[in-house]
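Convention: sequence-line order gives letters A, B, ...; per-chain numbering from 1.
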2 protein chains.
Amino acid sequence: MSDQPHPKRNRPPSMHDVARLAGVSQTTVSFVVNNVTSVAISQETRDRVWAAIHALGWRPNAMARSLRTRHSQTLGLISDEVVTSPYAVRMILGAQEAAWANRQMLLVVNTSGRSDIEQTALQFMLERRVEGLIYATMYHHEVTPPADLKLVSTVLVNCFVADRSLPAIIPDEVQGGYTATEALIRRGHRRIAFINEIIPMPALFGRLEGYRRALADYGLPVDPTLVRSCHSNVRDAFTVTRELLEYTERPTAIFCFNDKMAMGAYDAIKRMGLRIPQDVAVVGFDNLELIAAQLYPPLTTVALPHYEMGRRAVELLQSLPAGESLPPIQHYIPCPLIERASI
Amino acid sequence: MSDQPHPKRNRPPSMHDVARLAGVSQTTVSFVVNNVTSVAISQETRDRVWAAIHALGWRPNAMARSLRTRHSQTLGLISDEVVTSPYAVRMILGAQEAAWANRQMLLVVNTSGRSDIEQTALQFMLERRVEGLIYATMYHHEVTPPADLKLVSTVLVNCFVADRSLPAIIPDEVQGGYTATEALIRRGHRRIAFINEIIPMPALFGRLEGYRRALADYGLPVDPTLVRSCHSNVRDAFTVTRELLEYTERPTAIFCFNDKMAMGAYDAIKRMGLRIPQDVAVVGFDNLELIAAQLYPPLTTVALPHYEMGRRAVELLQSLPAGESLPPIQHYIPCPLIERASI
DNA sequence: GTGAAAGCGCTAACAG
DNA sequence: CTGTTAGCGCTTTCAC
């Protein structure tokens with residue numbers, strides 16, 4: 001007996017099983033399921049097919065479908081420490097939601113900065129025939145990704161390659177620095193200090209450049225004694241802030257390279273009996289909710305557009321006609337000012 | 001002319017292409033690639049095959065392989081807000097690394113708490129024939145996941161169903177509360193306040209229970225005036241702490257339901273001119289790096305074992321012989337004390 | 001030692 | 001309006 005009504009083994013039902021139950025060919029089931037408009041199927045048949053589908057609890061096998069259509073409907077995301085970092089996870093969310101809107105799935109691998117994992121992860125993704133790849137880093141810097149990356153459409157997020165030969169989505173540090181400084185200037189501040197990071201990185205140069213341009217645009221001089229730098233932690237920022245506030249002509253506002261440093265600045269300002277923002281205004285960078293929103297008064301800061309970068313990366317990948325490759329454009333995403341109460 | 005040496009279209013090379021180049025059958029290529037030991041292949045042939053593979057840049061097609069073997073090598077992870085939250089992302093890392101160790105990939109979908117997305121996400125994963133599913137939530141609470149969840153081996157993380165019919169990995173809140181309190185007791189404290197969350201949730205009850213048990217075990221009375229509750233934010237904790245410190249016989253230590261509240265407690269203690277930990281010791285809960293490590297003095301706190309929970313969930317799934325289902329055990333993962341300088 | 005052949009579950013010409 | 005047929009790229013049984 002080979003024509004039993006039940007599926008042979010303990011496997012999920014296939015289109016064939018549905019077809020048999022509905023008394024039609026497997027092809028017809030496929031047409032019904034995919035709502036193929038080029039062929040006309042009677043409503044009566046459609047109903048029978050759907051009834052059989054529900055009776056059997058059939059659901060398409062994505063692997064079989066992908067094998068046939070050569071579309072995996074999958075995007076890959078390889079990151080260094082992103083998953084570990086409260087800073088940057090929203091990038092994954094942005095990417096995932098954009099993928100989702102296109103019925104694509106996201107394959108996520110965090111390499112923890114290990115290049116052997118990175119290499120293997122890429123191979124795995126290529127084997128799964130991802131239709132696009134995002135290569136992301138936790139903080140904005142230069143990278144040298146594995147060569148095989150060229151085998152699939154890739155967009156870099158929060159990083160770039162030396163020769164700019166790969167499209168990249170990066171935060172507009174200059175605009176961010178400009179925006180922060182300008183906000184302070186507009187509140188009437190003339191002596192604005194900038195406590196910068198000390199380890200060379202794009203953010204350091206970009207934000208400084210933005211600070212300078214803003215001052216210049218508003219006809220204010222750059223006082224070199226107001227531009228300081230230190231490691232971006234609370235203690236060091238505390239120390240530098242105290243020094244700044246001891247100047248005979250002390251700054252009335254401080255732009256901090258990031259929120260952690262702003263936290264140190266807060267401590268120093270309060271410790272000296274000064275008030276924020278009446279005596280000294282503070283603006284940070286990063287918009288770490290946990291810090292910025294919890295500080296008292298809540299910190300006005302500039303946000304890194306992680307969600308937006310993730311989203312844009314996926315949309316870029318999706319915009320690409322099959323077989324073509326993305327132009328190596330460097331996309332600068334604006335960093336918005338998040339206004340709270342510290343300026 | 002049909003037997004050209006080059007692949008027909010612009011598709012990636014297949015085993016067939018490799019076979020043709022190596023002058024062997026496609027079957028042989030498969031044997032070589034998979035290192036099948038049951039058949040003997042001459043070294044000379046193996047070499048020819050590998051040479052062809054490298055020449056063509058062939059790499060297996062995971063979808064074709066999965067279709068044939070009925071093993072997708074894929075695990076799914078559906079979460080509510082986890083990806084958004086700095087609290088819980090390490091759970092994804094734990095899951096991903098465990099999957100990775102088994103050459104499996106993780107499919108991640110964040111539902112943002114929307115049940116329509118949740119439902120669709122589950123369907124997508126079932127279509128992709130995931131071999132196990134993790135259903136995770138950002139904070140520890142009861143859930144009612146979609147019914148189709150029963151169609152695949154599932155483990156809940158940081159949540160549970162009312163009838164406990166699904167295996168779950170959850171933090172041991174009681175032990176966490178106990179550990180925090182015990183640490184304080186061991187430092188000699190006798191009047192230990194507990195500022196609890198006010199919105200009913202397992203964490204609230206568990207940590208309180210742990211607090212009580214620790215006091216009891218060490219022969220200390222529970223002074224009801226020392227157990228307070230408020231919403232878990234900085235402001236409210238600030239207020240409650242100030243009230244506690246105004247008691248004629250004030251507590252010498254405060255166990256805060258979480259790190260945010262500890263932040264408020266710090267403010268109040270400092271504002272009253274008291275020192276941490278000499279005058280008042282503080283212990284938090286959650287181990288939010290951004291807060292706990294940045295506070296001055298650094299905060300001693302209890303960590304939620306997110307990474308561990310993610311890892312355990314995947315290992316549970318992997319331990320399951322095909323076709324069997326996981327026993328609905330509720331696994332309690334210990335919450336370790338992270339010692340810094342506030343006690 | 002190696003290869004032919006069947007088939008995993010599906011799509012899509014093409015034929016009727 | 002519906003079915004036949006030919007694969008997608010791979011694993012695996014069986015035969016030579």
Side-chain angles (χ1 to χ4, degrees), chain A residues 2 7-49 52-53 56-73 126-129 131 322, chain B residues 2 7-49 52-53 56-73 126-129 131 322:
Chain A
S2 65
K8 306 170 203 171
R9 295 189 241 158
N10 192 14
R11 58 160 170 67
S14 72
M15 268 193 179
H16 234 105
D17 300 324
V18 173
R20 210 167 24 191
L21 181 59
V24 297
S25 78
Q26 189 251 63
T27 308
T28 301
V29 177
S30 174
F31 287 154
V32 170
V33 166
N34 296 314
N35 242 315
V36 175
T37 49
S38 62
V39 301
I41 308 239
S42 69
Q43 190 54 46
E44 197 263 334
T45 302
R46 285 180 193 283
D47 293 345
R48 276 218 319 287
V49 169
I53 287 173
L56 257 32
W58 175 85
R59 118 180 45 239
N61 180 321
M63 293 171 310
R65 188 184 336 232
S66 296
L67 180 59
R68 182 60 233 230
T69 60
R70 296 160 169 292
H71 289 303
S72 64
Q73 300 279 77
L126 290 172
E127 291 182 8
R128 284 169 190 251
R129 302 296 191 260
E131 293 175 321
Chain B
S2 66
K8 306 171 204 171
R9 294 190 240 158
N10 192 15
R11 58 159 170 67
S14 72
M15 268 193 178
H16 234 107
D17 300 323
V18 173
R20 208 165 27 192
L21 181 58
V24 297
S25 78
Q26 188 251 67
T27 309
T28 300
V29 176
S30 175
F31 288 154
V32 170
V33 165
N34 296 313
N35 243 313
V36 175
T37 49
S38 62
V39 299
I41 308 244
S42 70
Q43 189 55 48
E44 197 264 334
T45 302
R46 284 180 193 283
D47 294 345
R48 277 218 319 286
V49 169
I53 286 173
L56 257 33
W58 176 86
R59 123 178 43 236
N61 179 321
M63 293 170 311
R65 199 203 299 253
S66 296
L67 180 60
R68 182 62 233 231
T69 60
R70 296 161 170 290
H71 289 301
S72 64
Q73 300 279 79
L126 290 172
E127 292 182 8
R128 282 164 193 254
R129 302 296 189 262
E131 292 174 325

**Message:** As a quick check of understanding, evaluate side-chain contact (heavy atoms from CB on, under 4.5 Å) for A:Val33 and A:Trp58, giving each step before the final call.
**Reply:** CA-CA 11 Å; A:Val33 166; A:Trp58 175 85; 3.7 Å; yes

**Complete:** Per-helix bend value, the helix from C:dG1-D:dC16 to C:dG16-D:dC1, C1' rotation axes over five pairs per end, 10° rounding, shows 50°

**Request:** Measure from CG on A:Asp17 to P on C:dC8 and round the result to the nearest Å.
**Result:** 10 Å

**Request:** Hey, could you give me the CG/CD1 distance between B:Asn35 and B:Ile41, rounded to the nearest 0.5 Å?
**Result:** 10.0 Å

**Prompt:** NA contact type, A:Ser66, heavy-atom cut-off 4.0 Å: base, sugar-phosphate, or nothing?
**Reply:** nothing

**Side-chain donor/acceptor of B:Asp17 to backbone N/O of B:Ser14, under 3.5 Å** = yes

**Item:** A:Ser25/A:Thr28 under side-chain hydrogen bond (donor to acceptor under 3.5 Å, both in side chains): CA gap, chis, key distance, verdict
**Value:** CA-CA 5 Å; A:Ser25 78; A:Thr28 301; 3.2 Å; yes

**Side-chain H-bond candidate by donor/acceptor type, A:Arg11 with A:Asn61, under 3.5 Å** = no

**Side-chain (B:Arg59) to main-chain (A:Glu127) donor-acceptor, under 3.5 angstrom** = no

**Prompt:** Any idea which of D:dC1, D:dG9, D:dG3 is nearest the B:Leu67 side chain?
**Reply:** D:dG9

**Prompt:** Is the side chain of A:Arg70 donor-acceptor paired with the backbone N or O of A:Leu67 at a distance under 3.5 Å, no angle test?
**Reply:** no

**Message:** Restricting to non-hydrogen atoms, name the atom on B:Met63 and the atom on A:Ser66 that form the minimum distance, rounded to 0.1 Å.
**Reply:** SD-CB, 3.2 Å

**Request:** Assign a letter to each nucleotide of nucleotides 10-16 of chain C from its 5' end: B, base within under 4.0 Å of a protein heavy atom; S, sugar-phosphate only; -, no contact.
**Result:** BBBB---

**Message:** For D:dT2 and A:Ser42 - does any side-chain N or O of the residue sit under 4.0 Å from the phosphate oxygens OP1/OP2?
**Reply:** yes

